[in-house]
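Note that this is a predicted model, so its numbers are computed, not measured. Letters go in sequence order (proteins before strands), and every chain restarts at 1.
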Protein chains: 2
Amino acid sequence: MPRRADPQRIARKKDEIAVAAGRLFATNGFERTSVAQVAAAAGTSTASVFYYFSDKAALFRAVFERDLPTAEALVGRYADAEAPVPAILDMLSQLAEDAADPAASGMLVELLRRVDHDPELLAVVMRTAEVIREGLATLIARGIADGDIDAELEPAGTATWLQAVVDATYLNASPGHSPLPELRRTALGYLAPRWKEETKTP
Amino acid sequence: MPRRADPQRIARKKDEIAVAAGRLFATNGFERTSVAQVAAAAGTSTASVFYYFSDKAALFRAVFERDLPTAEALVGRYADAEAPVPAILDMLSQLAEDAADPAASGMLVELLRRVDHDPELLAVVMRTAEVIREGLATLIARGIADGDIDAELEPAGTATWLQAVVDATYLNASPGHSPLPELRRTALGYLAPRWKEETKTP
DNA sequence: GTCTATATTTAGATAGAC
DNA sequence: GTCTATCTAAATATAGAC
């Protein structure tokens with residue numbers, strides 16, 4: 001089918017394979033998805049898949065390599081926000097946006113599993129997570145300076161925890177139920193400066 | 001090695017196999033763990049493993065079947081607590097207790113993955129989760145009645161969300177760092193009755 | 001009940017023609 | 001670059017002796 005070495009077309013094909021793979025990995029899992037299935041879904045052969053990707057693990061990584069630019073754009077969008085707390089809430093909401101989609105939920109779980117066994121994959125996702133963490137931490141520090149966020153909190157650690165809460169949002173996913181209210185209330189309650197006593201001591 | 005049909009001994013052996021399996025599944029994952037590895041770790045043969053468990057999936061389920069009694073005991077322990085909010089915090093802390101252990105974290109991820117593909121496993125863990133959810137929901141309702149928890153909250157949904165936050169604790173796990181402070185602060189901030197305005201509107 | 005040995009199946013990866 | 005055909009390895013599950 002190649003008319004010539006058309007770089008546009010081959011890049012598109014590589015992408016199509018990655019997308020098909022992502023869908024299957026998300027629903028069936030990494031090990032339970034065969035390369036043959038991916039090839040069929042992409043309308044090609046296993047040999048072609050291996051022509052574009054060195055091995056099955058690389059195919060999985062490809063799904064996440066597209067996330068870095070998205071994360072950078074997101075962070076950039078809120079970097080100069082006047083009010084840090086609403087900016088944080090909006091960033092978290094964006095991050096949790098796909099949580100209702102069961103495929104996204106499945107893919108997160110799959111990622112968490114594979115990341116322990118694939119150092120290259122770890123590097124890919126760490127870079128993305130790091131971008132988001134720094135974006136959040138910066139906003140948190142500004143919120144503290146403004147007095148809108150509890151000064152007891154440590155920005156980097158707090159950012160990490162908020163990312164974990166976003167992940168929880170995916171785990172808690174159920175179709176037809178938006179997790180955003182819980183997420184926003186959780187973040188607000190966590191960040192808010194504390195009053196005299198937390199509760200009567202137990 | 002059998003002196004007779006000693007029911008004590010065979011029950012213990014079944015248990016030992018399940019424990020060995022749990023360790024391996026947690027660190028290496030379900031598919032990447034062979035029954036041969038489990039057998040070796042338990043000091044026996046694959047045939048013996050299949051004598052005790054109908055198949056590999058049953059072996060995985062066995063790991064979680066032991067959780068139900070534990071959950072029931074936990075709920076029972078706090079059912080009659082005088083102060084609901086501290087009781088909730090303590091329950092959550094207990095649930096998050098293993099979060100520092102990387103094996104527990106790995107096992108949670110593995111569970112989330114398998115539960116989509118094994119209805120019997122789903123039934124097992126749903127029963128356990130349901131017990132905890134009801135225990136929490138009851139305490140939340142009492143806290144609302146006492147005025148210590150925001151009356152806007154719906155007990156069952158709130159309980160579910162708190163369980164998700166506990167899961168977040170496992171995802172956020174890193175050795176040497178206890179997740180309990182974040183967890184407690186999150187729960188407290190989430191449950192607390194709200195003041196006049198949450199924040200200046202964005 | 002426990003083992004050794006093996007049947008069976010499946011999937012990742014490659015060879016080599018076109 | 002793309003295919004068909006296949007090699008190779010591994011793992012679940014079972015057979016059957018002890």
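- Along DNA chain C, the nucleotide nearest to Arg32(A) and the one nearest to Thr46(B) differ in position, and the one closer to the 5' end is contacted by Thr46(B).
- Nucleic acid contact for Ser54(B): none, since no nucleic acid atom lies under 4.0 Å from a heavy atom of the residue.
- Between the C1' atom of dA10(D) and the CD atom of Glu31(A) lies a distance of 14 Å, rounded to the nearest Å.
- A straight line from CZ of Phe50(A) to C1' of dT6(D) spans 14 Å, rounded to a whole angstrom.
- Ring-plane geometry between Phe25(B) and Phe60(B) is classed as tilted, the angle between the planes lying from 30 to 60 degrees on a 0 to 90 degree scale.
- Between the CD1 atom of Ile17(B) and the P atom of dT2(C) there is a distance of 8 Å, given to the nearest Å.
- Among the heavy atoms of the strands lying under 4.0 Å from Ser34(B) are primed sugar atoms or P, OP1, OP2 only; no base atom is included.
- Atoms CD (Gln37(B)) and P (dA11(D)) sit 7 Å apart, rounded to a whole Å.
- Lys14(B) has its NZ atom 13 Å from the P atom of dT2(C), to the nearest Å.
- Around CZ of Arg77(B), the count of heavy atoms belonging to other residues, nucleotides or ligands within 6.0 Å exceeds 12.
- In this structure, Ile10(B) atom CD1 and dT2(C) atom P are separated by 8 Å, rounded to whole Å.
- Contact annotation for Tyr52(A): backbone-only contact, meaning every heavy-atom pair under 4.0 Å involves sugar-phosphate atoms and none involves a base.
- Using the six-membered ring where Trp is involved, Trp161(A) and Tyr190(A) have ring planes that are tilted, between 30° and 60° apart.
- Closest-nucleotide positions on DNA chain C for Ser45(B) and Ala47(A) were compared, and the one nearer the 5' end corresponds to Ser45(B).
- Nucleotide dA17(C) holds its P atom 18 Å from the OH atom of Tyr51(A), rounded to whole Å.
- For Asp55(B) and dA11(D), the CG to P distance is 17 Å, given to the nearest whole Å.
- Arg184(A) and Asp90(A) are joined by a salt bridge, as a carboxylate oxygen and a charged side-chain nitrogen come within less than 4.0 angstrom of each other.
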